[in-house]
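Taking it in order: structure first as structure tokens, then the write-up.
If you read the sequence from its start, that first residue is 1, and numbering goes on from there. The structure displayed is predicted, hence computed values, not measured ones. These numbers come from the heavy atoms of this one structure, side chains and all, not from hydrogens, waters or symmetry mates.
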Amino acid sequence: MIDKIKEIIGPLIQAENAELVEIIYRREGGRQVLHILADKEGGIKLADCVRLNKRIDQALDEANIIQESYTIEVASPGIDRPFKTKRDYEKAIGRFVRVTLNERIMDKKEYIARLEEVSDTGVKIDAKKKGIIEIPFDRIVRAREEIEFI
């Protein structure tokens, strides 16, 4: 169902010069909620979210792919935005990132380090004491930008 939702709402989000970050459909407090995280250069504003919410609601009602009652919430991914695409990683080159792994690399499953390089197969981070570490994309469970610290 998520793929069908993406097909329907993708063009609506692109028409707003925004990008789809993530779709989450789950039960919360006894009701179904469709969370749509969108972002754009310079950040997505509340007015953008309201406009997208209305357009997405109408398009999904017309497509009738969700049979049960649900609520739509369109929002910015905020500071904790997870990296989903290679482009997300590329935009963070030179910044600190938090990378969580599915198995240990050099005795750790999580790193906070400067992102140095992105390739088709993974990333290189500068973990200071441990040096440059290569991490394949298939070992990354979650990654996001981290507040820079000293």
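Nearest heavy atom pair, residue K108 against residue L101, reads O-CD1, 3.7 Å. Taking each heavy atom of C49 and A75 in turn, the nearest pair found is SG-CA, 3.8 Å. Scanning all heavy atoms of the two residues, the minimum distance from A38 to L52 falls at CB-CD1, 4.5 Å. The minimum heavy-atom distance between K86 and V118, with the atom names listed, is CG-CG1, 3.8 Å. Taking every heavy atom of both residues into account, I132 and E116 meet most closely at CD1-CG, 4.0 Å.
Residue pairs meeting the ring-ring contact (aromatic ring centres under 6.0 Å, His included) criterion with at least one partner in residues 5-53, sequence neighbours excluded, do not occur; the list is empty.
Checked by atom type and distance alone, the side chain of R114 never pairs as donor or acceptor with a backbone atom of R95 at under 3.5 Å. In this structure, the side chain of K4 does not engage the main chain of I65 through any donor-acceptor pair within 3.5 Å.
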Carefully, step by step, assess V123 and V97 under the rule side-chain contact (heavy atoms from CB on, under 4.5 Å). CA-CA 11 Å; V123 298; V97 294; over 6 Å; no
Show your reasoning for whether side-chain contact (heavy atoms from CB on, under 4.5 Å) applies to K84 and E19. CA-CA 11 Å; K84 296 291 185 179; E19 63 179 307; over 6 Å; no
Kindly indicate, with the supporting measurements, whether the criterion side-chain contact (heavy atoms from CB on, under 4.5 Å) is fulfilled by R104 and M106. CA-CA 6 Å; R104 294 180 188 280; M106 296 184 69; over 6 Å; no
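Not counting sequence neighbours, the partners of F137 by the ring pair (Phe, Tyr, Trp, His ring centres under 6.0 Å) test are Y89.
Looking only at side-chain heavy atoms (C-beta outward), K128 and K130 stay at 4.5 Å or farther from each other.
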